There are 4 protein chains.
Amino acid sequence: MTLLTKSHVKLPQRGRPRSEESRQSILLGTAAILAERGYEGLSIEAVATKAEVGKQTIYRWWHSKADLVIDALSELAAQQVDIPDTGSVTGDLRELLKNAFFVLTATPSGNAVIGLLVATQRDTRISKVFRERFVEKRRGAVREIFQRGIQREQIRANLDTDLIIDLIYGPMWYRLLVGHAPLDEVFADTLVEQIMVLLKE
Amino acid sequence: MTLLTKSHVKLPQRGRPRSEESRQSILLGTAAILAERGYEGLSIEAVATKAEVGKQTIYRWWHSKADLVIDALSELAAQQVDIPDTGSVTGDLRELLKNAFFVLTATPSGNAVIGLLVATQRDTRISKVFRERFVEKRRGAVREIFQRGIQREQIRANLDTDLIIDLIYGPMWYRLLVGHAPLDEVFADTLVEQIMVLLKE
Amino acid sequence: MTLLTKSHVKLPQRGRPRSEESRQSILLGTAAILAERGYEGLSIEAVATKAEVGKQTIYRWWHSKADLVIDALSELAAQQVDIPDTGSVTGDLRELLKNAFFVLTATPSGNAVIGLLVATQRDTRISKVFRERFVEKRRGAVREIFQRGIQREQIRANLDTDLIIDLIYGPMWYRLLVGHAPLDEVFADTLVEQIMVLLKE
Amino acid sequence: MTLLTKSHVKLPQRGRPRSEESRQSILLGTAAILAERGYEGLSIEAVATKAEVGKQTIYRWWHSKADLVIDALSELAAQQVDIPDTGSVTGDLRELLKNAFFVLTATPSGNAVIGLLVATQRDTRISKVFRERFVEKRRGAVREIFQRGIQREQIRANLDTDLIIDLIYGPMWYRLLVGHAPLDEVFADTLVEQIMVLLKE
DNA sequence: AACTAACCGAGACGGTACGTCTCGTCTTCGC
DNA sequence: GCGAAGACGAGACGTACCGTCTCGGTTAGTT
């Protein structure tokens with residue numbers, strides 16, 4: 001029994017344990033610099049300085065800038081996407097979009113997200129993680145709103161869900177990146193209005 | 001005679017005239033590298049090498065990388081966007097999108113355009129030029145299709161045109177950048193299908 | 001006496017005693033690396049790795065690289081400076097110098113000793129140890145040779161001993177460090193020849 | 001003929017010429033830091049910062065710290081070894097040694113020279129330069145003093161000059177490095193006294 | 001037998017400096 | 001003016017060690 005237990009036990013931790021404080025500091029610093037200067041403007045040196053950490057401590061745990069950004073992104077993505085529940089699909093979508101617009105235009109996270117999107121164009125690993133951990137989460141929120149709407153019979157059941165989600169988030173990204181028109185409440189309202197037409201057929 | 005000619009010229013054009021060959025070579029090289037390595041991966045050094053030109057010749061005529069990219073972009077954007085005319089709005093939109101998808105996914109221009117979009121995030125001047133010379137042209141094409149459709153009474157007249165255009169091009173950019181689904185003919189067809197619902201109310 | 005001293009001190013000797021095995025391993029490792037890579041190429045890190053010892057175990061017992069090297073050299077050579085006794089001062093000095101030349105030029109100790117010299121320039125504590133443990137021992141050997149010579153009436157009694165010793169060891173160091181001429185037997189012979197002139201007046 | 005001519009013609013200087021201003025700034029900065037922090041405390045990084053120069057500009061022209069220090073010292077001191085001429089060999093040697101003692105003990109050059117010695121042990125090229133530019137110059141001074149003394153018949157002609165010079169400079173280095181006794185005027189006087197015995201037989 | 005103190009190995013920590021690289025700029029040459 | 005060449009200031013790269021700190025574990029007394 002003892003032997004069994006022992007075989008289960010992990011190897012005893014040797015040496016000084018990794019500093020959780022440093023890890024946090026590095027990931028936060030990475031996110032901050034990403035927001036300020038974008039992916040290409042992010043240097044390990046700057047992260048080390050900002051996080052008050054030795055460069056080696058970064059290189060010890062992440063072997064590339066992309067790796068670091070992926071982890072920072074994960075930390076960022078871990079933020080709870082709260083799915084509004086106003087009782088109607090229209091209300092839920094409006095709320096969801098307004099929150100998203102606010103985060104993207106009025107918080108540092110917005111810039112960081114743009115930086116991340118830029119980063120995805122340079123590294124497919126980042127692209128994958130960005131899609132799985134960030135984009136999918138937000139698409140999932142819409143899917144849940146739709147399901148609730150179907151159950152309540154507010155919208156029709158035979159939706160091409162993925163396409164509709166592209167029609168919701170696509171214009172958002174388009175405006176955010178091209179900047180030809182603002183991401184404001186009017187846009188949220190009119191966009192949702194059009195989407196509702198499609199949801200009710 | 002030579003003297004006479006010179007006296008005619010207002011600006012006394014001294015020294016060797018600017019090499020048009022070099023100018024073309026530089027702009028083409030810039031576009032090529034933009035396509036290969038993106039905006040941040042573009043260095044004047046690399047352009048000079050590729051264009052077989054001295055670095056100083058670039059700096060003499062363009063103040064910055066952004067300046068250079070803007071000019072290269074103008075050259076690129078000068079490409080005629082031909083507006084399809086199949087007789088129906090549905091057909092026109094399908095054609096327009098399929099062409100756009102092809103260019104973006106199967107030609108070097110696609111990468112260059114993504115590179116440019118990335119560049120816009122770092123420089124508002126580039127952003128402006130990109131919008132005016134590139135985006136607007138393509139939005140204009142859709143507007144023309146809509147106008148013809150209204151004249152033919154294929155679609156209703158009281159459209160929120162700009163919003164509908166966002167609903168067309170937004171999903172395209174979204175898929176191009178995020179890569180969660182392909183930019184293929186099926187997508188073009190289903191996207192246009194949904195848009196047509198909105199155009200007919 | 002030793003016993004008395006010990007009983008007086010009555011060191012409480014609590015906790016785990018110092019590991020003699022580690023001590024040996026460290027000193028041997030130091031000597032080995034010294035031989036391979038010289039004084040400048042010696043790092044505490046490398047010693048710890050080679051000796052399979054934690055770095056702290058080194059820092060706990062030695063304050064600096066120079067400290068460590070001094071101990072390693074002492075251990076390695078057992079460093080008994082055997083004072084030759086050939087019957088004549090001339091013979092004794094020749095023997096002494098030839099031995100010294102051999103050690104300095106044909107063993108790793110030569111390089112190590114030079115490295116130590118540099119270290120002494122920055123740390124007076126090390127300088128003191130180096131003088132007491134290395135230099136004085138060798139100067140004492142010459143003093144003993146002189147005393148025997150005086151007793152045998154081979155040399156005069158009123159010597160400025162310290163100055164003469166400088167005249168013996170000085171040229172040795174000079175050639176060792178500057179390398180403008182070899183530390184060979186010819187040098188030993190001619191040097192002793194000149195010194196004998198001064199010893200006999 | 002053409003070939004011959006070509007071989008005579010200097011290569012046309014291509015590219016930007018070396019900046020004399022930077023060269024001066026680097027050497028002055030090196031000298032300043034040498035004085036402040038000594039040889040071991042001198043880092044290329046610090047020199048670059050102080051001289052307001054890119055690190056590469058230092059590495060382009062000097063292979064190592066020792067190289068740089070050699071040039072800085074040469075420049076700084078212009079290093080005229082003035083050979084005293086008091087009329088007697090005794091007086092000349094006394095003067096020469098007292099000057100040397102002063103420079104070595106009371107100026108930053110002393111520390112620098114010691115630092116250079118280490119470097120010579122790791123790099124024979126530096127060793128060579130050190131010998132030729134520093135040591136030989138000073139040995140030459142003694143040779144000249146001896147020649148004048150021989151002409152004036154103050155000393156015998158059949159000297160083993162190199163050995164005697166070792167007997168003069170050796171003790172100086174020995175005391176400088178080991179520090180067992182001071183480099184003072186008393187030492188200069190008694191050392192010269194002994195040397196004179198050998199010079200007169 | 002339990003407790004305590006000092007050791008041990010391992011290895012992470014914040015740092016400094018290394019020598020290399022590439023950037024955009026500057027400065028010269030010869031055509 | 002142009003191409004080419006190459007030095008320049010700047011600053012990030014990834015590595016090597018520094019000397020310190022912090023773990024789990026050992027090895028002796030002392031209680």
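These numbers come from the heavy atoms of this one structure, side chains and all, not from hydrogens, waters or symmetry mates. The structure displayed is predicted, hence computed values, not measured ones.
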Without decimals, in angstroms, what is the distance between [X] [atom1] and [N] [atom2]?
| X | N | atom1 | atom2 | answer |
| --- | --- | --- | --- | --- |
| Tyr59(D) | dA17(E) | OH | P | 11 Å |
| Leu68(C) | dG19(F) | CG | P | 11 Å |
| Glu40(A) | dA12(F) | CD | C1' | 13 Å |
| Lys50(C) | dG9(E) | NZ | C1' | 19 Å |
| Glu45(A) | dG15(E) | CD | C1' | 12 Å |
| Ile58(A) | dA12(E) | CD1 | P | 15 Å |
| Glu20(C) | dC7(E) | CD | C1' | 14 Å |
| Arg14(C) | dT26(F) | CZ | C1' | 16 Å |

Taking only N and O in the side chain of [X], is any of them less than 4.0 Å away from OP1 or OP2 of [N]?
| X | N | result |
| --- | --- | --- |
| Thr57(C) | dG9(E) | yes |
| Trp62(D) | dG19(E) | no |
| Trp61(B) | dC2(F) | yes |

Go through the steps to decide whether Thr57(B) and Arg60(B) satisfy the test side chain to side chain contact (heavy atoms under 4.5 Å, CB included), and finish with yes or no.
-> CA-CA 5 Å; Thr57(B) 302; Arg60(B) 220 186 318 269; 3.7 Å; yes
Quick check: does any side chain N or O of [X] sit under 3.5 Å from a backbone N or O of [Y], one acting as donor and the other as acceptor?
| X | Y | value |
| --- | --- | --- |
| Arg122(A) | Arg37(B) | yes |
| Ser19(D) | Ser22(D) | yes |
| Thr49(C) | Glu45(C) | yes |

Among the candidates [options], find the nucleotide nearest to the side-chain atoms of [X].
| X | options | value |
| --- | --- | --- |
| Arg60(D) | dA7(F), dC7(E), dT27(E) | dA7(F) |
| Pro17(C) | dA12(F), dA12(E), dA28(F) | dA28(F) |
| Ser43(C) | dC18(E), dC18(F), dA28(F) | dC18(F) |
| Arg16(D) | dG25(F), dC8(F), dG11(E) | dC8(F) |
| Lys55(D) | dT27(E), dT4(E), dA12(F) | dA12(F) |
| Ser22(D) | dC13(E), dC23(F), dG9(F) | dG9(F) |

Are Phe130(A) and Leu117(A) side-chain neighbours, meaning at least one heavy-atom pair lies under 4.5 Å?
->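 They are in contact (side-chain heavy atoms under 4.5 Å apart), so the answer is yes.
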Do Thr30(D) and Trp62(D) touch side chain to side chain, with heavy atoms closer than 4.5 Å?
->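 In short, these two side chains do not touch, never coming nearer than 4.5 Å.
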Is a donor-acceptor pair below 3.5 Å formed from side chain Gln56(D) to base dC21(E), judging by atom type as modelled?
->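 A donor-acceptor contact between them is present.
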Does Glu52(D) or Lys65(C) map to a spot on DNA chain F nearer the 5' end, using the closest nucleotide for each?
->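 Upstream on the strand: Glu52(D).
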Quick one: on DNA chain F, does Gly15(C) or Gly54(B) contact a more 5' nucleotide (nearest heavy atom)?
->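 It is Gly54(B) whose nearest nucleotide is closer to the 5' end.
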So which one's nearest nucleotide on DNA chain E is more toward 5', Ile44(D) or Ala46(B)?
->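 The residue closer to the strand's 5' end, by nearest nucleotide, is Ile44(D).
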